[in-house]
Structures are given as structure tokens and as C-alpha cells.
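First comes the structure, then the notes that go with it.
It should be emphasised that the depicted structure is a prediction, and the values quoted were computed from it without experimental measurement.
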Amino acid sequence: LATEYLHWNRRQNAGSGFLLIGSLLTASFVIAILLGGSLLLWQAVQNHRDARQKTSFVSNVSHELKTPLTTIRMYAELLGEGKIDSVQKQQSYLQTIIRESQRLARLVNNILDFSRLEQGHKTFNCSDIELAELIKEILQRQSLRLDEAGLKLIKQIKTGPLPVHSDRDAIEQILLNLIDNAIKYAAKGGELIIALKGDTEKTHLTLTDRGPGIPEAQRQKIFEKFHRLDSSLTSSQPGAGLGLSIARQLARGLGGDLTCKSAETGGTSFCLTLPTVRETS
């Protein structure tokens with residue numbers, strides 16, 4: 001009887017062991033299915049979002065490229081027909097063509113930079129630059145645009161040399177993107193303050209406007225590609241959501257950074273930081 005009981009107990013234990021193993025295998029299988037399903041769902045959502053962003057990007061870029069091209073063609077045809085006798089009108093039309101050509105060049109440069117940065121093929125041609133002189137030169141070329149937008153330019157540029165070892169074209173592209181941003185979204189503030197200062201470690205270029213400002217929760221998101229603030233202010237302005245993303249990537253590629261914070265004026269302050277060239281003895 002004792003022997004039979006031992007055999008029965010062993011069979012029971014073996015059955016319990018098989019049941020436990022089976023339960024564990026079943027649970028593992030169910031968890032694997034759930035995890036796999038969740039991963040597939042997440043990938044599908046990501047793919048859908050990426051596809052929607054790319055579609056929106058192509059649509060916005062096409063619209064932005066088409067607008068200056070249409071304007072350039074229209075005014076060029078008017079001048080070409082020889083029907084504009086007023087010298088003042090001719091000069092105005094020529095200025096419009098020049099301005100729209102410059103806008104088109106900025107858009108194309110943004111698209112090219114975006115493509116190179118995404119593929120990791122962006123190269124920088126760095127040289128020793130006197131940053132204060134470069135900034136003054138760029139602002140001089142942009143003065144007409146700022147005047148037309150109703151933005152009074154206030155320059156607070158530190159006197160004396162501010163040398164940096166950097167890429168002139170990349171710095172200009174960053175500054176142009178920041179100026180475009182101010183013209184689009186902060187022109188009603190009436191002022192744009194450009195401040196440049198530096199020390200032995202870092203050089204800081206700050207653009208401060210008196211616009212509506214950017215909510216704190218959005219100040220990092222605005223540097224993400226394709227991101228645009230969901231507001232009546234941005235919806236009325238064309239754009240692909242690339243300018244600030246490209247500007248930050250270029251700044252970091254140059255060994256610096258681009259940050260955003262709320263300004264004391266009530267608007268927004270963007271700060272480009274670049275390494276300062278140390279003097280060698």
C-alpha cells in the first residue's frame with residue numbers, strides 16, 4: 001500500500017510539474033504575442049505619422065517654392081513687355097524680383113541642408129572669422145526685409161574682436177532662419193534685438209523679439225523637424241517646420257548650440273553659442 005501511494009504521489013507531482021511548465025509556456029506565448037502585436041501597432045502608427053509628415057512636408061515645400069517663382073515670373077514678364085514706363089515702378093519690381101530670388105535661395109539652402117544633415121553628409125568649411133563683422137554684413141543685407149516687416153533692428157554688438165573658427169555659410173544660414181522666424185511670427189512686436197558678446201570660452205549671439213512668445217512646453221519641440229506650433233499664428237504662415245531644426249543641427253555641428261527661452265520683453269529669445277578662438281602666445 002505504501003508503495004502504491006508513493007507511485008501515485010510521484011504521478012501527481014509529475015502531472016503538476018507538466019501543468020506548471022505548460023502554464024508558463026502558454027503565458028510566455030501570450031506575452032510574446034501581445035508584445036509583438038504592440039510593436040507592430042507602434043511601428044504602424046510611426047509609419048503613418050512619418051508618411052503624413054512627409055506628405056505635409058512635400059506639400060508645404062512645393063507651396064513655398066511655387067510662391068516666389070510665381071512672383072518672380074509675373075514681375076519679370078511685366079518688365080519684359082516694356083509696358084512699365086514709371087522708373088519708380090521699374091525699380092520696385094526689380095527689388096521684388098531680387099527679394100523673392102533671395103527668399104527662393106534660402107528655401108533651397110534649407111532643403112539641401114536638411115537632406116545632407118539627415119544623411120550625415122553635411123561638411124563644414126571652417127576658417128577663422130571675425131564674427132562681429134560677419135553679423136553686421138548679414139544684417140545690412142537683411143535691413144530692407146526687416147523694414148518692410150515693420151521690425152526695428154536694435155544692435156547690441158560688443159566692440160572689439162570676437163574671433164571664431166567656424167563656417168561662414170552655416171552661421172549665415174542659422175541667422176537667416178532665425179530672422180525668417182522673427183519676421184513670420186513676431187513682426188507685430190515691432191522690435192528685433194540682436195546682441196553679440198563673448199569671452200575666452202564662448203561667443204553668444206542672441207536674437208530677442210517682442211512677439212507673442214512660445215509656451216514653455218513647446219520650447220524644445222520647436223527644434224524637431226516638421227514641428228509647427230498648433231496656433232492661429234502659425235497656421236496663417238507658410239512653412240515646412242524645418243528652419244529651427246536645421247539651425248540647431250548646424251549650430252551643434254559647429255561645436256555650439258542653439259537654445260530658446262522666454263524673453264524679459266515678453267517675446268522669445270534665441271541664443272546661438274559658438275566656441276571662441278583662444279589666442280595663442
Exercise for the section: Taking Thr203 for its side chain and Thr276 for its backbone only, find out whether a donor-acceptor pair lies under 3.5 Å. Expected result: no
Listing, residues 27-41 side-chain donor-acceptor contacts under 3.5 Å, not counting sequence neighbours, or none:
| from | atom 1 | to | atom 2 | distance (Å) |
| --- | --- | --- | --- | --- |
| Ser28 | OG | Leu24 | O | 2.8 |
| Ser38 | OG | Leu34 | O | 2.8 |

Problem - Non-hydrogen side-chain atoms of Glu137 and Arg168 separated by less than 4.5 Å - result: yes
Exercise for the section: Give a yes-or-no answer on whether the side chains of Asn125 and Asp169 include a donor-acceptor pair shorter than 3.5 Å. Expected result: no
Handout entry: Under 4.5 Å side-chain linkage, directly or through intermediates, the cluster mates of Ile154
Key = Ile193
Problem - Inter- and intrachain pairs under salt bridge (Lys or Arg N to Asp or Glu O under 4.0 Å), touching residues 121-133, at least two apart - result: Asp113-Lys122
Handout entry: Glu77 atom CD, neighbour heavy-atom count above 12 within 6.0 Å
Key = yes
Fill in the blank from the handout: Residue set satisfying side chain to side chain contact (heavy atoms under 4.5 Å, CB included) with Ser101, at least two apart, ordered chain then number -> Ile72, Ile97
Exercise for the section: Look up atom CG in Asn177 and atom CG in Leu207, then write down how far apart they are to the nearest 0.5 Å. Expected result: 11.5 Å
Practice task
Give the C-alpha distance, both sets of side-chain angles, the deciding distance and a yes or no for salt bridge (Lys or Arg N to Asp or Glu O under 4.0 Å) between Glu100 and Arg103.
Solution key: CA-CA 5 Å; Glu100 291 301 299; Arg103 176 185 172 191; 3.3 Å; yes
Practice task
Of all the heavy-atom pairs spanning Ala182 and Leu192, show the shortest one and how long it is.
Solution key: CB-CD1, 4.0 Å
Problem - CG on Leu131 to CD1 on Ile135, rounded to 0.5 Å - result: 4.5 Å
Handout entry: Side-chain heavy-atom pair Asn181, Phe270 within 4.5 angstrom cut-off
Key = yes
Problem - Test item: Lys89 and Leu78 side chains (from C-beta on) under 4.5 Å apart, heavy atoms - result: no
Completion exercise
Distance col, row Gln95:CD vs Ile98:CD1, nearest 0.5 angstrom, shows 4.5 Å
Fill in the blank from the handout: Applying side chain to side chain contact (heavy atoms under 4.5 Å, CB included) to Lys188 and not counting sequence neighbours gives none
Practice task
Might you point out which heavy atoms bring Leu254 and Pro275 nearest each other, and give the distance in Å?
Solution key: O-CD, 3.9 Å
Completion exercise
Contacts satisfying ring pair (Phe, Tyr, Trp, His ring centres under 6.0 Å) that involve residues 70-108 (not counting sequence neighbours) are Tyr75-Tyr93
Problem - Working for side chain to side chain contact (heavy atoms under 4.5 Å, CB included), residues Leu244 and Arg248 - result: CA-CA 6 Å; Leu244 293 177; Arg248 171 174 271 188; over 6 Å; no
Handout entry: 4.5 Å side-chain heavy-atom contact, Leu153 and Ser143
Key = no
Practice task
Supply the atom-to-atom distance Ile183 CD1 to Leu146 CG, rounded to the nearest 0.5 angstrom.
Solution key: 5.0 Å
Problem - Student check: side-chain heavy atoms of Leu196 and Lys155 closer than 4.5 Å - result: no
Practice task
Could you tell me which residues satisfy side chain to side chain contact (heavy atoms under 4.5 Å, CB included) with Gln119, sequence neighbours excluded, listed by chain and number?
Solution key: Ser115, His121
Problem - Closest non-hydrogen atom pair, Leu117 against Gln249 - result: CB-OE1, 3.6 Å
Practice task
Report the residues that fulfil side-chain hydrogen bond (donor to acceptor under 3.5 Å, both in side chains) with Asn109, sequence neighbours left out, ordered by chain and then residue number.
Solution key: none
Problem - Where at least one partner belongs to residues 28-42, residue pairs that pass salt bridge (Lys or Arg N to Asp or Glu O under 4.0 Å), sequence neighbours excluded - result: none
Problem - By side-chain hydrogen bond (donor to acceptor under 3.5 Å, both in side chains) - contacts of Arg145 (at least two apart) - result: Gln142, Asp180
Handout entry: More than 12 heavy atoms from other groups under 6.0 Å of CD on Gln140
Key = no
Exercise for the section: Please round to the nearest 0.5 Å and tell me the distance separating atom OH of Tyr185 and atom CG of Asp209. Expected result: 12.5 Å
Handout entry: Gap between atom CD1 of Ile214 and atom NZ of Lys221 - 0.5 Å precision
Key = 13.0 Å
Problem - Option among Asp257, Leu258, Ile174, Ile171 that satisfies the side-chain contact (heavy atoms from CB on, under 4.5 Å) test with Leu274 - result: Ile171
Practice task
Could you pull out the closest heavy-atom pair between Ala186 and Gly211, with the gap in Å?
Solution key: CB-CA, 3.8 Å
Problem - Partner residues of Glu172 under the side chain to side chain contact (heavy atoms under 4.5 Å, CB included) criterion, sequence neighbours left out - result: Ile138, Arg141, Leu176
Exercise for the section: Compare every heavy atom of Ser269 with every heavy atom of Thr206, then report the nearest pair and how far apart it is. Expected result: CG2-OG, 3.1 Å
Practice task
Report whether Phe124 and Ile129 are members of the same hydrophobic cluster (ILVMFWY, side-chain heavy atoms less than 4.5 Å apart, transitive linking).
Solution key: yes
Problem - Main-chain N/O of Ile84 paired to Gln90 side chain as donor or acceptor, under 3.5 Å - result: yes
Handout entry: Shortest non-hydrogen contact from Ala132 toward Ile157
Key = CB-CG2, 4.0 Å
Completion exercise
Those residues at least two apart in sequence (or on a different chain) that pass salt bridge (charged side-chain N to carboxylate O under 4.0 Å, His left out) with Glu216 are none
